[in-house]
Amino acid sequence: MTLLVARRLTVSTVLGGMRAPVIRGLDLSLAPGKMLGLVGESGAGKSMIGRAIAQVMPAGFAVTGGLLEFDGRDLVGMPAAARRSLLGRDIAFIPQEPLTALNPVLTVGAQMEEHFSHLGVNTRAERLARAIAALEAVHLRDAADLLARYPHQLSGGMCQRVLIAMAFASRPRLVIADEPTTALDVTIQARIVSLMAELQRRDGTAVLFITHDLRLAGRICDEVAVLYGGSVIEQGPARQVLETPLHPYTRCLQLANPALSGARRGLYALPDQMPGLRALAGMQGCHFAPRCPLAGDECRVRMPDLAGETRRVACWQPDLTAGIGAGPAPPAVGVRTSGVKLVEVRGLGKIFRTGSVFRRRQTRAVIDVDFDIAAGEFVAVVGESGSGKSTLGRLLMGLERPSSGTIRLDGRIVSVPGEAARRHRIRTAQMVFQDPQSALNPRRRVADIITAALEAAGADRATRAMRASALLAEMGLAPEIGGRTPSQLSGGQRQRVNIARAVCLVPKLLVADEIVSGLDVSIQAQLLALLQRLRRDHAFAMLFISHDLSVVRHLCDRVLVMYQGAIVEQGPVEQVFARPLHAYTRSLLAAA
Amino acid sequence: MIAPLRSARVVAGLLIVLLMLVCALGAPWLASHDPDEQDLVAMLLPAVWQQGGDWAHLLGTDGLGRDVASRLLYGARVAMLVAGTASLGAAVVGASLAYVAGYLGGWVDWVIGRAIDVWMSFPPVILSLILMTGLGTGARNVILAIVLVDWTRFCRVLRAEVIVTAHRDYVTAARLSGFSHVRTVLREIVPATVPLLVTVLTLEMGIAVVVEAILSFVGLGVKSSQIAWGQMIADGRDAVYQAPLALLAPVGAIFLAVAGFNLLGDGLRRSLDVRMVEGRE
Amino acid sequence: MVEVSRRHVLQAAAIAPLARGVPVWAAEPDGVTIGWPSDVTSWDPNQRFTPDAHAIMKAVFDQPLDQDAKLKLSPGLITKWDMAADAKSLTLDFRDDVLFHDGSKMTAADFRWTFFERIKAGHKVDIAQSMRKVTDIEVVSPTRAIMRFDSPAPTVPVWLAFLGSFLVPKAYMEKVGVEEFARKPVGTGPYKLVEHQMNARIVLERNEAYWGPKPKMKRVTIEIIKDPSARVAAVQSGQVDITINVPVRELTRLKALPGLATDLTPVTKVILLQVRNDEGFADQNIRLAAHHAIDKKALSAAFYAGAAVPLAVLGVPGSPGYLDDYKFDFDPERARALLAKSGYSMDKPAKIRMASTNGQFPSDYDIARAIVQMWKKVGIEADLEVIEYAKYFELNRGNKLPETTLYTFDNATGDPEIYTGYLLNPKLPFSPWKDMNFGQKVIDQFNVADETARIAGWRALNREASEMGAAMPLLQSVLTVVRKKGLAVVPYGNGWILPQAMAWG
Amino acid sequence: MILWATLGRRLVTAVPILCVVSVLLFTALRVLPVDPAAMSMPPNATKEEIEAARREMGLDRPLPEQYGLWLGRAMRGDFGRSIHHRRDAGALVRETLPGTIELALAAMAVSSVLGLGGGLLLFGLRERTMEPVAETVTTLMMSVPEFLWALLFIFVFGVALQAMPFTGRLDPGMKLPGLTGFLVLDAVLTGRLDILWSALVHLVLPAVALGLAFAPPIMRVLRASLIDTYHEDYIRQARLRGVSEGRILIRHALKNAVLPTLTLMGVQFGFLFGGSLLVEVIYSYPGMGNLMVDAVRNADLPIIQVVGLTYCVVVLVINSVVDGLYLVLNPRLRPR
C-alpha cells in the first residue's frame with residue numbers, strides 16, 4: 001500500500017522558447033508512516049517535488065507529464081477547492097525558513113486559530129485549546145502566552161516548532177519537510193529533527209524529508225532517494241544507501257563529506273557542478289556521465305533506468321561504484337607551522353552600542369579574547385550564530401575598531417587608528433567574504449575584481465592582466481572567466497574569484513568567514529582542496545571561521561571555540577574534538 | 001545603455017522630451033510670431049479649426065493679442081531650462097550629501113538626516129513660496145528655490161541606496177584592497193547608484209516643470225517679461241470663456257512635458273531595475 | 001470641440017440653476033448676493049484707509065458728513081457744520097435720532113471718542129493722521145461738539161467725509177475692546193453685520209431702526225471672490241446677483257445672456273502712470289517720449305470696450321480742472337525723435353523700471369504689459385514688476401518706487417486739488433515726483449483762496465505737469481457691473497456700489 | 001502603552017525640528033527687502049511715527065534678540081499682528097485652519113480610496129493584457145499635478161457643464177453655524193442638513209482635484225508591495241495550509257503590503273497638505289492657503305511666519321499619526 005505515488009512525473013518550464021524539464025520521469029512511492037529522504041544538491045529538483053504535490057509552483061512551471069497521486073487521488077487534475085481541503089489537513093508542509101514562513105503581522109495565535117478554523121474547529125475556545133495542546137506537543141513552554149506573541153518575538157527554533165505544531169495539528173497522513181533544519185543553528189537542528197521523528201512516530205505520519213545532507217537523511221529516514229538533474233538515480237533503505245552506495249554520484253557525495261570522527265581522509269572533489277536546466281534539456285545519456293569518474297561510452301549515449309527491487313539504481317555499471325576511492329591524502333596537520341607568531345591578540349573586546357538617545361543598548365560581541373596564530377597555521381573559530389566569531393574576524397581586519405585590547409600583526413600593533421596601521425594590516429592580511437553575491441561588485445569584470453589591490457597600488461594595465469591570468473589559472477578557472485561579470489558565474493566560481501582577490505598580493509594571513517557554508521558538498525570539497533593547494537604553494541596562515549565542525553577538522557590545525565563572545569576553549573583540533581573540556585564544546589560536538 | 005531603449009516607455013518619453021527640447025531650442029525659428037508681439041485689435045482670436053480661426057494664429061491669441069502657439073513654444077524654453085538645471089543642481093547637492101551621509105554614517109549621517117527631517121516637515125509648495133518671497137522673482141531664483149527644496153528628494157532616496165551598497169562586502173573589499181575612501185566611493189558606490197540617480201533625476205525634471213508652473217501661476221515665478229506656461233495659465237484664466245485655448249494650451253503643454261519625463265523615468269526605472277521611486281516621494 | 005463646448009456653455013447657462021441637483025442659487029426677493037472683489041480686513045472702520053471696502057463700511061457705519069450726487073459735502077450724522085474764521089475750530093451739530101445697532105443712542109460723546117479719544121488712547125487708526133491737528137473735541141451737548149485745532153485746518157470737513165471717517169460707539173467699544181469690535185462691529189449704518197467669514201462671505205441684515213431712508217434689501221450677502229474669472233462664473237451661474245470689476249471684454253458676452261444686464265460707467269477715478277523725476281526718467285525727453293508712445297485709444301478699445309475716455313491731464317472730463325481743448329497726442333514718431341535727441345533708439349533703448357498691480361482694477365496688468373510693448377516699439381525698454389497695491393506707499397516712502405508705476409487714483413470729489421494737488425505733491429505719500437520746483441508750485445496752489453483763481457491755477461498746473469512729463473494720465477476709469485436684469489442699482493459718479501441703493505425692480 | 005510612548009517620542013523630536021524651522025523662517029524672512037514697520041502704517045504717516053513703530057515692534061534690535069522676543073511671545077500664543085489685516089495673526093490662522101484641514105482630510109480620503117482601490121485593481125490586472133495599459137494610465141495620471149486637475153475640473157464641471165459650484169465653501173445666503181470651523185462637523189452638530197449638503201457639494205471639486213493628484217503613487221506602491229508580499233514565504237506557507245486566495249489577499253497579504261504604502265501615504269499627505277494651497281487659491285476656498293498667498297503678496301511677515309509654522313506643525317502631526325498607525329499595524333516595531 002502506498003500513500004503517495006509519482007509515476008514518470010515530469011515538471012517543466014520554458015527556457016528560451018524551449019521546454020526544459022526540471023523533474024523528468026520521476027518514480028517515487030511513499031508508504032504510510034514511513035519517512036522518505038529526498039537527497040540532492042541544489043538544482044536537483046528536490047524542492048519542486050514538494051511544490052508539485054501542492055500544485056503551488058513558481059510562475060512558468062507546470063506538470064507536463066506522468067502521474068502524481070495521493071491516496072489514490074490524482075493531485076494534478078484535482079479541482080483547486082478539493083486540493084485546498086487536502087492541504088493543511090491530510091498533507092502538511094514544514095518550510096525551510098521558519099522565520100519568514102509565519103506572517104509577521106499576525107500573532108502566532110491568530111495563525112494557529114486560522115488553521116484550526118480551516119480544519120473545521122468551530123468555537124474559538126476549542127480552537128485556542130487545540131492550539132495550546134499542539135504547542136505543548138512540540139515542547140513549547142508557556143503555550144498560552146506564546147499565542148499572543150508575534151513571530152519576530154520568537155527564535156528561529158521556536159518558529160519552526162510552531163510550524164511543526166501546525167503541520168502535525170491535523171494528524172496529517174503526509175508531511176513534506178523541505179530542508180527544515182538548514183536555517184537553524186547546529187545545536188537546534190538536532191532537536192528539531194528528533195522532534196519531527198517523535199511526532200511522526202506518534203501519529204504514524206508519512207514524511208517526505210527533503211535535504212541536501214546525505215548523512216542526515218541516512219540517519220533519520222527509513223528510505224532515501226538520491227536526485228540528480230531532476231531524476232532519482234538511486235533509492236533504497238537509508239542505511240544501505242549511506243553505507244554502500246550503488247551510484248557513483250552517491251558514492252562521490254559521501255566521499256566529499258569530511259568526517260567528524262575516525263581517521264582523517266581526503267575528500268573526493270567532483271569536477272564542475274550539476275549542469276543547468278538548459279544543458280540538461282539537450283543532454284543524451286546518463287546526466288551524471290560528464291562528471292562521473294567511471295563513465296563509459298554507453299553512459300554517454302543511453303540514459304539508464306532506475307532498476308532494482310529494494311535497492312534501485314540508475315546506472316549502467318553500479319558494481320564499479322565501490323571502487324571509487326577517496327581523494328589524495330590530506331596534508332599532515334601542524335607540520336608546516338613555523339612557530340613564528342604572525343598574529344597576537346591580547347585582551348581584545350568589542351562592545352556595540354545601539355539604540356536611540358532614549359534607550360541605549362550595549363552588546364558585548366567579543367569579550368577579552370587572547371590567542372595567537374603562527375605563520376602558516378590554519379586556525380578555526382567555531383561557535384553558533386551570535387557567538388562573536390564574525391566580529392572577531394572583522395576586528396582582525398580592522399573593519400571594526402576594538403573597544404579594548406590589542407592586535408599585533410606580523411610584529412606590529414594594528415589595532416590603532418591611522419593610515420600606517422591600515423597599510424600594514426592590509427599588506428599582511430586579507431579577507432575572503434562569506435557571501436560572494438555581496439562580495440563581488442556585479443558591475444565589474446572578474447579580471448578587474450581580482451587585481452583590485454594592484455590597481456590601488458598603481459600597477460599598470462599589463463601587469464594587472466598578467467597577474468589576473470596567473471590568478472585565474474591558480475584558482476582553476478578558465479582564462480575567459482576574466483572577462484565575465486560575477487552574475488555570469490556559478491556559485492563555486494564566484495567563491496574562487498572571491499578567494500583570488502584576497503590572495504592577489506599573497507598576504508601572510510587570510511581571514512575566511514564561512515566561505516564554504518551554503519555551498520553544495522561537491523563544490524565545498526573542490527574549494528577545500530583549493531585552499532589546501534594554495535596553502536602548500538604560498539604557506540600563508542588562515543583564520544577560518546565556520547560553524548561546520550567536520551570542515552574544520554578537515555582543514556585546520558587549531559580551533560578556538562567561541563561562546564557568547566568569549567573563547568571558551570582552544571587547542572589543536574584533534575585534541576579538542578576528541579576530548580572537549582568545555583560543556584559548550586561538548587554540546588556542539590554532540591549536535592554535529 | 002542600449003537596453004533601456006527597448007522599453008516603449010523610454011522611447012515615448014525620450015521622443016516627448018526631444019520634442020520639448022526642439023521646441024525650446026528652435027522656438028525662434030519655429031514660432032510664427034514674436035511671442036511678445038501684442039495686437040490690441042486681434043485679441044482672443046479663436047484657434048484655426050474654430051469658427052473664425054485664422055492660419056496666422058494656429059492656436060488663436062490671448063488677452064493681449066499675442067500668438068498662443070508662439071508663446072507656447074517660447075514657454076518651453078523656461079520650462080526646459082528650469083527642468084534641466086534645477087534638477088541637476090538638486091541632484092548634485094542631494095547626491096553629494098547622500099554619498100557622504102550614507103558612506104560615512106555616524107554623526108555626519110545624523111546631521112544630514114535631521115536636516116532632511118526639517119525640510120520634510122515643510123510641504124514643498126510652502127517652502128518654495130517662502131523661498132521665492134525671500135529671493136524675488138526670476139528664472140535663476142526659481143532654479144535656486146527648486147534646488148533648495150528638492151535636494152532632499154535625492155538625498156533621501158539615494159542615501160538609503162548608498163547605505164545598502166556601502167554595507168556590501170565588495171565595498172569593504174575595496175578598502176581592504178587599499179583604496180582610499182574617496183576612491184572607494186567613486187569606484188564602488190557611485191556606479192551602483194547611477195541608475196537610481198538617473199531615474200530620480202528624470203522624474204525630478206517633471207517635478208521642476210510643475211513647480212516652475214506653480215510659482216509662475218501665483219506670480220512668484222519667473223519675471224513677468226519672461227514667457228512661462230504658468231503665467232500663460234494665469235493670463236488665460238481671465239478669458240476662459242472667450243478663448244479657452246489660451247488656458248488649455250499651456251495646461252496641455254505642462255502635462256505633455258511632465259508626462260514625457262515621467263514616462264522616461266518610469267521606463268528607466270524598469271529597465272535599469274531600480275527599486276520603486278514614486279513621482280513625488 | 002471647444003466651439004461645441006462654448007455653445008454648450010451658453011445653453012447650459014440658461015438652464016443650469018433650474019436643472020440638476022444643484023442647490024438653487026436664486027436670491028430671495030428682498031435679499032441680494034453681491035460678488036465682491038476684496039475682503040474687509042478689519043471691521044474697525046477707523047483703522048485703515050481701504051477704498052475697496054469703503055462701500056461695505058458705508059453699509060454698516062455712517063460718516064459724519066456725506067457727499068451728494070455732485071460730490072459736494074452734505075449732511076450725514078452731522079446736520080450743520082461751521083468752520084471758524086481762523087479755521088482753528090469747527091462747531092458741529094448732530095442728529096438726535098440715531099441709534100447704534102445695539103440700541104444705544106449716538107451722541108457727540110461718540111464723535112469725541114472716535115476722532116479724539118481713540119487717537120489719544122493709542123489705538124492704531126489711520127484717521128489719527130487726518131486728525132493730527134485736533135487738540136480737543138469739546139462736547140457741548142449730546143448733539144453739539146466743537147473741534148479745536150492747533151493750527152488752521154480748513155480741510156477737516158472734507159476729511160470727515162473721507163475714507164476711514166465713520167462713527168463708532170464709545171460705550172460698546174470700551175466694553176468689548178478693539179479686537180472684539182473688529183470682529184463684531186456695531187455701527188449706525190443701514191445694515192448690521194450678521195456674519196463674516198474671512199475671504200469668503202459677509203452677511204448683512206437691514207437695520208430696521210435706521211434713521212435714514214430704509215433700504216429695500218432685507219438681507220445682503222457679499223461673496224468675496226477675488227478672482228475676476230470666478231466672479232464672472234459666479235454671476236453667470238446665478239451664484240451671485242451682481243458683481244463688479246469684471247474684465248470689460250466679458251461684458252459683451254454676458255450682456256447677450258438672458259437675464260443678465262451690464263453697466264459700464266465712467267467714474268471719477270483716473271488711471272495714470274506715476275513717474276519719478278530722477279533716475280531713468282531724469283531726462284524730460286524720455287518722459288515725454290514715453291507719454292507720446294502710449295496709444296490710449298487702443299488701450300481703451302482693447303480693455304474697456306472704448307468706454308474709458310483717454311485723458312490728457314490729471315482729471316476727468318466735466319471736472320473743473322479738466323482741459324477739454326488740450327490734447328496730448330499718440331505720436332510714436334515724435335517719441336522716437338525725442339529719444340533720438342537724448343541719444344536713444346530702438347537699438348539702444350532707454351532702460352527704465354515699471355511697476356503695476358495685478359487685479360487691483362480691471363485689466364491693470366494687461367494695460368501695463370501693453371504699454372511696455374508700445375514703449376518697446378519706440379526704444380524704451382521697461383522692466384515690469386508686479387506689486388501689491390499696499391506696497392505702493394511703502395515703496396514710495398522709501399523712495400524705492402521704479403521710474404513709473406501704473407496707478408489709479410480715486411477722487412470722489414472731482415476737485416482738481418485732490419487730483420493734481422495730491423498726485424503731484426511731494427509732501428504727500430502719493431507722488432514719486434519729488435522735484436521741488438514744480439512741487440512748491442503745487443503746494444502754494446493750496447493756499448489760493450479765490451475760487452476762480454484757484455481753478456485757473458490748477459488748470460495751468462495740470463497742463464504744465466503733462467507738458468513736462470511729470471504725470472502721464474491715461475484713461476478715465478470705468479466701473480463694470482454685471483447684474484441680474486431685475487436688479488436696479490443707483491449709480492454713483494464715484495463708482496460706489498452700495499447695498500442700500502439696490503432694489504429688485 | 002507603546003503607541004503613546006512612540007507618539008510621545010515623535011513629539012519630543014518634533015520640538016527641535018520646529019525650533020529649527022522657526023529659526024530658518026525667521027532669518028529667511030528678515031532678509032526680505034521690506035520694512036514691516038513702514039508697511040503697518042497709513043500712507044500719510046511721518047518718518048518719526050514709523051520709527052516709533054519700528055522700535056515698538058522691536059525691529060531695531062539685533063536679530064537673535066528679535067527672535068527671542070518673537071519666540072517668547074509665540075510661546076504665549078501671541079504671533080504678532082498681521083500687517084495687512086491689522087489683526088492677531090494667531091487668530092487669523094485659527095479661523096482659516098479648519099477649512100484647510102477639512103479640505104485636506106477630504107482629499108486624503110479621496111486619495112486613500114482611489115489609491116488603495118486603484119492599487120488593488122492594478123494588482124488584479126498583473127500579468128494580464130490590460131496591465132501595460134493600466135500602468136501607462138497611472139504614469140500619465142501622475143503627470144497631472146493638483147493645480148492642473150483643479151483648473152480642468154473648473155473648466156469641465158464648473159464652466160462647461162455647470163454641474164458643480166467652484167467657489168467658496170457654502171452657497172450664498174447660508175449662515176455658518178460657526179462652532180468649530182469644520183463646516184461638515186458644524187452642520188451635523190447643528191442638524192442643518194442643507195448646510196451639510198452645500199458644504200459637501202462645495203468640497204467635491206477641490207477635494208477630488210487634490211486627492212487625485214496624490215493617488216497614483218499610492219496605487220503603484222500598493223501594487224508593488226502586494227507583488228513583493230506574494231513572493232514571501234508566509235504567503236506560500238498559507239497556501240500550503242489550504243488557506244483560500246481571498247483570505248490570503250485580505251488577511252495575509254494586504255495587512256503586510258499596506259505597511260510600505262502607509263509610509264508613502266505619510267509623506268504624500270504632508271505634500272498634499274501643502275498642495276491644498278494652490279487648490280484653495282484656484283477655488284477661492286477660504287483657508288490657510290489663501291491667507292498665505294495674500295500674506296506672501298503683501299509681505300505680511302507675521303502671517304507668513306505663523307502660517308509657515310502651522311504647515312510644519314500639521315505635517316509633523318500627520319507624520320506622527322501615520323507613525324502611530326504604522327506601529328499599530330506593524331507588530332515588528334514593538335519590542336521583543
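Labels below follow one simple rule: chain letters A, B, ... track the order of the sequence lines, proteins then strands, and each chain is numbered from 1. We use all heavy atoms of the structure for the numbers below, so side chains are in, but hydrogens, waters and symmetry mates are not.
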Participant: Name the region of B:V125, side chain, backbone, both or neither, that has any atom closer than 4.5 Å to a heavy atom of chain D.
Facilitator: side chain
Participant: Counting only non-hydrogen atoms closer than 4.5 Å, does D:L151 touch chain B with its backbone (N, CA, C, O), its side chain (CB onward), both, or neither?
Facilitator: side chain
Participant: What distance do D:L63 atom CG and D:T27 atom OG1 have between them, rounded to the nearest 0.5 Å?
Facilitator: 6.5 Å
Participant: Whether the side chain of D:T100 engages the backbone of D:M288 through a donor-acceptor N/O pair (distance < 3.5 Å, no angle test) should be reported.
Facilitator: yes
Participant: Identify which part of B:L131 has an atom lying under 4.5 Å from any heavy atom of chain D, answering side chain, backbone, both or neither.
Facilitator: neither
Participant: Quick one: which of D:L316, D:V321, D:V314 gives a side chain to side chain contact (heavy atoms under 4.5 Å, CB included) with D:I318?
Facilitator: D:V314
Participant: At a heavy-atom separation under 4.5 Å, does D:T136 approach chain B through its side chain, its backbone, both, or neither?
Facilitator: both
Participant: B:I233 versus chain D, heavy atoms under 4.5 Å apart: side chain, backbone, both or neither?
Facilitator: side chain
Participant: Just so I know, are the side chains of B:L135 and B:R140 near enough to count as touching, which here means a heavy-atom distance under 4.5 Å?
Facilitator: no
Participant: For D:L18, which atoms come within 4.5 Å of any heavy atom of chain B: side chain, backbone, both, or neither?
Facilitator: neither
Participant: For D:F123, what residues pass the ring pair (Phe, Tyr, Trp, His ring centres under 6.0 Å) criterion, not counting sequence neighbours?
Facilitator: D:Y230
Participant: Please determine, among D:L148, D:V313, D:I154, D:V281, the option with the most heavy-atom pairs under 4.5 Å with chain B.
Facilitator: D:L148
Participant: From D:L278 CG over to B:I214 CD1, what is the distance, rounded to the nearest 0.5 angstrom?
Facilitator: 4.5 Å
Participant: Side chain, backbone, both or neither: which part of D:P260 has a non-hydrogen atom closer than 4.5 Å to chain B?
Facilitator: neither
Participant: Is it the backbone or the side chain of D:I282 that comes under 4.5 Å from a heavy atom of chain B, or both, or neither?
Facilitator: both
Participant: For D:Y311, is it the side chain, the backbone, both or neither that has a heavy atom under 4.5 Å from a heavy atom of chain B?
Facilitator: both
Participant: Is a side-chain donor-acceptor pair under 3.5 Å present for D:N256 with D:T229?
Facilitator: no
Participant: Against chain D, work out which of B:R114, B:M120, B:R270 has the most heavy-atom pairs shorter than 4.5 Å and name it.
Facilitator: B:R270
Participant: Identify which of B:G206, B:A257, B:A8, B:P124 forms the greatest number of heavy-atom pairs closer than 4.5 Å to chain D.
Facilitator: B:P124
Participant: Highest number of heavy-atom pairs under 4.5 Å with chain B: which of D:V315, D:N319, D:L277?
Facilitator: D:V315
Participant: Where the side chain of D:N298 meets the backbone of D:D294, is there a donor-acceptor pair that is under 3.5 Å apart?
Facilitator: yes
Participant: For chain B, which candidate among D:L140, D:V20, D:L272 shows the most heavy-atom pairs at distances under 4.5 Å?
Facilitator: D:L140
Participant: Is the side chain of B:W229 donor-acceptor paired with the backbone N or O of B:L72 at a distance under 3.5 Å, no angle test?
Facilitator: yes
